[in-house]
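This one's a predicted model, so the numbers in the text were calculated from it and none came from an experiment.
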Amino acid sequence: MEKAEGAFLTISELSGELGLPQHILRYWETRFPQLRPLQRSGNRRYYRPADVALVRRINQLLNVEGFTVRGAQKALADGLASPSPVAAPVAAVLTKGEQGADVLDRLLAIRAALAKAIGD
């Protein structure tokens, strides 16, 4: 069963969605002061929609765009962390029907291969 949009996510749900280990999310909390999920009893973390968006952006900066942690911190602090300009052309290609589906499949395969290489 899917959670409603806007529902809080646990650290395990968010790490599973992004394909990242939970310890990476906890590490990011120490490096990015903007990232402060709610912590309940037993230090259980609950990520609000704004936290989820921030984690996705941090992930984009670090793991897609190749920023260092310090560079990502600076980009977020300076407000320069807008989505990559490459995203618009990719989105345009992906909306062209069958060809777009093929491109999406190739991109997902590349992402999976990279994730596997990083995880090894």
Under a side-chain separation threshold of 4.5 Å, the hydrophobic residues clustered together with V64 are none
To the closest 0.5 Å, what do you measure between [atom1] ([X]) and [atom2] ([Y])?
X	Y	atom1	atom2	value
I58	Q73	CD1	CD	9.0 Å
F67	L61	CZ	CG	5.0 Å
L54	Q60	CG	CD	13.0 Å
N43	R26	CG	CZ	10.0 Å

Among pairs that include at least one residue of residues 36-49, which meet salt bridge (charged side-chain N to carboxylate O under 4.0 Å, His left out), considering only residues two or more places apart or in two chains?
-> E29-R45, R48-D51
Do [X] and [Y] come within less than 4.5 Å of each other through their side chains, counting heavy atoms only?
X	Y	value
L20	N63	yes
W28	V55	yes
F8	V52	no
L35	Y47	yes

Heavy-atom closest pair, residues [X] and [Y]:
X	Y	value
P21	S15	C-CB, 4.2 Å
A77	Q34	N-NE2, 4.1 Å
A72	L62	CB-CD2, 3.8 Å

What residues form a side-chain hydrogen bond (donor to acceptor under 3.5 Å, both in side chains) with Y27, not counting sequence neighbours?
-> R31
Would V69 and L25 show up in the same hydrophobic cluster when neighbours are defined by side-chain heavy atoms closer than 4.5 Å?
-> yes
